[in-house]
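Structure first, then comments.
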Amino acid sequence: MEELQREPCPWRILEDAGAAFAMGCIGGTIFSSWKGYRNSPVGSRLQGSLAAIKVRAPVLGGNFAVWGGLFSTFDCALIAIRNKEDPWNAIGSGAITGALLAARRGAKASLGAAVAGGIILAVIEGVGIAINRAMAEQYKPVMPQLPDPSQLPPPTQSHTQRGY
């Protein structure tokens with residue numbers, strides 16, 4: 001089975017930011033349609049949903065893209081600094097991204113966001129490792145069980161042993 005390979009770091013940042021933008025837009029569309037439907041008068045709920053989607057979904061997509069782009073940038077930087085690609089890079093990237101995005105609210109908020117980002121990424125990485133280990137068990141090679149020679153019936157003579 002071929003291992004999934006990611007793009008090299010400069011392109012990974014763009015790929016992750018684009019994927020985060022798409023996820024934010026999709027999630028924003030779902031959430032904004034529900035919110036617009038709920039807050040609109042009875043006769044114009046469809047128009048209210050569409051208006052809310054047009055206004056809020058791209059904003060949420062942009063917020064996701066900023067987070068994804070920063071996270072991927074810090075992940076690539078940590079890979080280059082540490083010369084290894086492991087879960088600690090993602091955990092550190094989550095913490096740094098959280099701290100940077102909350103920096104405008106002060107040091108205390110930045111520290112809290114860093115801890116939250118690190119914990120969230122640690123949980124995500126831990127679940128990923130657990131799933132990989134569980135899935136690897138089913139592909140582990142198994143030694144075939146050969147029958148015990150003492151339990152086998154006596155060998156019969158073949159045509160070559162009889163001299164035919």
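The line from NZ of K35 to CD1 of I53 is 13.0 Å long, rounded to the nearest 0.5 Å. Rounding to the nearest 0.5 angstrom, the gap separating the CG atom in N39 from the CH2 atom in W34 is 8.5 Å. Between the CG atom in L111 and the NZ atom in K108 there is a gap of 10.0 Å [rounded to 0.5 Å]. The CG atom of D75 sits 7.0 Å away from the SG atom of C9 when rounded to the nearest 0.5 Å. A distance of 11.0 Å separates CD1 in I96 from CG in L121, rounded to the nearest 0.5 Å. A distance of 9.0 Å separates CG in L101 from OG in S110, rounded to the nearest 0.5 Å.
Annotation for A20 and G68: closest pair CB-CA, 4.1 Å, computed over non-hydrogen atoms. The two residues A102 and A109 have their closest heavy-atom pair at CB-O, 3.8 Å. Residues V55 and V59 come closest through the heavy atom pair O-CG2, 3.5 Å. Across all non-hydrogen atoms, the minimal contact from G48 to S40 is CA-OG, 3.1 Å. Of all heavy-atom pairs spanning K84 and N89, the tightest one is O-ND2, 2.7 Å.
The neighbour count for Q145 CD, taken as heavy atoms of other residues, nucleotides or ligands under 6.0 Å away, does not exceed 12.
Looking at T29, its side chain never comes within 3.5 Å of a backbone N or O of A57 through a donor-acceptor pair. Side-chain atoms of S32 come within 3.5 Å of backbone N or O of G28 as a donor-acceptor pair. Panel note: side chain S33, backbone I30; a donor-acceptor pair is recorded below 3.5 Å.
Between F21 and C25, some side-chain heavy-atom pair lies under the 4.5 Å cut-off. Using a 4.5 Å cut-off on side-chain heavy atoms (C-beta onward), L78 and S93 make contact.
Below 30°, between 30° and 60°, or above 60°: for W67 and F71 the angle between ring planes is below 30°, a parallel geometry.
Hydrophobic clustering keeps I81 apart from I91 (ILVMFWY residues linked when any side-chain heavy atoms are closer than 4.5 Å, directly or through intermediates). L70 and I120 end up in the same hydrophobic cluster when Ile, Leu, Val, Met, Phe, Trp and Tyr side chains are linked at under 4.5 Å.
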